[in-house]
Amino acid sequence: MNTTISNKIKIASLIAIACTMLGKILGLLREMKIAEALGASASSDAYNVAYLLVITLFGLFSSAYSNSLMPIAAEQYTQDKKRMNKTVNKIVTISVILMLIVIGLVYLFPRFFVKLMAAGMDDDTIILAGELIKISAWSLIFLVLISAYEIVMRLYDRNIYPTIMDLLFPVPVLIALFCGVTSPYILIACVVLGYAIKSVALVGGLKIVGFVPKLDFYWNNPKIKSFFLLMPPMLLSSGLLQINTLVDNQVASGFGTGSVTALSLASKVNGLAYTVFSTSLMQIIYSTMTKAYMRGDKKEFKDIVEKQTKMILMFIVPCFIILFNFSTEIISILFVRGNYTQDNAVIAGEILKGYALGLPVYVLRDICMYVYYAAKNSKFPSFVTGTSVFINVGLNLLLSYIMGIKGVAYATSLAAIFSLAILALFMKQKVAEGCITL
């Protein structure tokens, strides 16, 4: 791999780790203050359902969206940046319209969407959550803009800018919490405001690199067709992954008040290590390795993936050891205050241990996914994801019956092990002969 490119990736990776860690610390501080204000109550369950609904709905679409847009945009970036500008704007316009339709459905059928997430909640909590999701749903538009514009910034090798902009998201909620706000309505509105601020900041960054974001309703572009042809297998994969989230929450909601909050907190703490040391670093190299693959430089492609994998594992393995062995202590230090009790922390700690078990596996699985997507092979990882979802659902029901709510987390980890094994086993055959091996 070119020494200059390698050094740029290393520098960007270290800055990304620092910025992402700071962003996650702010996010944890936000969760700590919310737990202090709302405890493990009906209000906290309703708030978490409203927040998770947006993540779940966008999750149905986001992975397929990003991983289809990246190779299309990367190909045009190497040929004609102005054409790439127009193509991205057309795709964003279509995506915004689709999100407006989803928002309309949320307003028409709020109770239906709440029950998709947590049917086991009592009627008063469902009513409150239904009102909150009418606010949180507007985040979908800003998430579409963020997802597309971050890809463009990374193609222009402005990898640090999107990571720094992540720091803006939790600020509105934190300001409200430190001002003593405890209304779930205001807190969920601040979540939407955080996404809006981040999207506006990204628009400012795009103008610096010469990209002009705008709505474009002229859709006669062959690359749009290519984009939508890439999406179906990944949409299926993303949709099945979100079924995991739905099943997790449905199972958790059956264990009583506060159970959804316990699952959510454990997942977020595990996600802290995962996002800081995996997602942020993989996002940095995704555009670089995709461009290398498009140029036919398989050696550079392989070197980028292997070096970044070693760097990620160097951070993730110690995180796994700490989270698995000190799960309850970590939850207690972070959240036991105000209305959130030590008994609540013990439950969340047991769940965290189950998630932590699969932490290195999640990382390696997702690296494999990025390799397949960069090579424009979305069908095989989608098939593997679909199979693992059915395994996860079955394990969810079985292990939650045997182990209680913590069985949900262990089921997720075991299903991830299956996915990694299959993806790694067939990588040489499915991506490119001699391209990369694990």
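Worth knowing before you read on, the calculation uses all heavy atoms, side chains too, and leaves out hydrogens, waters and symmetry mates.
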Taking the side chain as every heavy atom from C-beta outward, state whether [X] and [Y] have any pair of such atoms under 4.5 Å apart.
X: Pro318; Y: Ile321; value: no
X: Ile351; Y: Val408; value: no
X: Ile188; Y: Ile133; value: no
X: Val152; Y: Met84; value: yes
X: Val384; Y: Phe426; value: no
X: Val144; Y: Leu98; value: no
X: Lys268; Y: Asn48; value: yes
X: Val92; Y: Pro213; value: no

Please check if the number of heavy atoms outside [X] that lie under 6.0 Å from its [atom1] is greater than 12.
X: Phe324; atom1: CZ; value: yes
X: Lys223; atom1: NZ; value: yes
X: Tyr218; atom1: OH; value: no
X: Lys115; atom1: NZ; value: no

Can you name the closest pair of heavy atoms from [X] and [Y] and give their distance?
X: Arg158; Y: Pro162; value: O-CD, 3.0 Å
X: Leu423; Y: Met369; value: CD1-CE, 4.0 Å
X: Leu395; Y: Ala415; value: CD1-N, 4.4 Å
X: Glu150; Y: Lys198; value: OE2-NZ, 3.0 Å
X: Val269; Y: Ile330; value: CG1-CG2, 4.1 Å
X: Ala129; Y: Val49; value: CB-CG1, 4.3 Å

Side-chain ([X]) to main-chain ([Y]) donor-acceptor, under 3.5 angstrom:
X: Ser388; Y: Thr385; result: yes
X: Asn85; Y: Phe211; result: no
X: Asp216; Y: Val88; result: no
X: Ser413; Y: Tyr410; result: no
X: Tyr362; Y: Tyr355; result: yes
X: Ser147; Y: Ser66; result: no

Legend entry - Residue pair Leu323, Leu359: steps toward the side-chain contact (heavy atoms from CB on, under 4.5 Å) verdict: CA-CA 9 Å; Leu323 288 177; Leu359 186 56; 4.0 Å; yes

Legend entry - side-chain contact (heavy atoms from CB on, under 4.5 Å) assessment of Phe228 paired with Ile94: CA-CA 11 Å; Phe228 283 106; Ile94 295 171; 3.8 Å; yes

From [X] atom [atom1] to [Y] atom [atom2], the distance as rounded to the nearest 0.5 Å:
X: Leu263; Y: Leu352; atom1: CG; atom2: CG; value: 11.0 Å
X: Leu334; Y: Glu329; atom1: CG; atom2: CD; value: 11.5 Å
X: Ile224; Y: Trp219; atom1: CD1; atom2: CH2; value: 8.0 Å
X: Ser327; Y: Ile322; atom1: OG; atom2: CD1; value: 12.5 Å
X: Phe113; Y: Leu105; atom1: CZ; atom2: CG; value: 5.0 Å
X: Leu143; Y: Ser95; atom1: CG; atom2: OG; value: 12.0 Å

Inset, instruction - Please state whether the rings of Tyr47 and Tyr51 are parallel, tilted or perpendicular, taking 30° and 60° as the class boundaries. - result: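 Rings of Tyr47 and Tyr51: parallel, as their planes differ by under 30°.
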
Inset, instruction - Name all pairs fulfilling the salt bridge (Lys or Arg N to Asp or Glu O under 4.0 Å) condition that reach into residues 54-69, sequence neighbours left out, sorted by first residue then second. - result: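 Of all non-adjacent pairs touching residues 54-69, none passes salt bridge (Lys or Arg N to Asp or Glu O under 4.0 Å).
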
Inset, instruction - Go through the steps to decide whether Cys368 and Leu420 satisfy the test side-chain contact (heavy atoms from CB on, under 4.5 Å), and finish with yes or no. - result: CA-CA 8 Å; Cys368 289; Leu420 171 62; 4.1 Å; yes

Inset, instruction - Please lay out, stage by stage, how Leu357 and Lys353 fare under the test side-chain contact (heavy atoms from CB on, under 4.5 Å). - result: CA-CA 6 Å; Leu357 181 66; Lys353 184 173 288 189; over 6 Å; no

Inset, instruction - Please list all pairs passing the ring pair (Phe, Tyr, Trp, His ring centres under 6.0 Å) test where one or both residues lie in residues 155-186, with sequence neighbours left out. - result: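 The answer is Tyr77-Tyr156, Phe169-Tyr195.
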
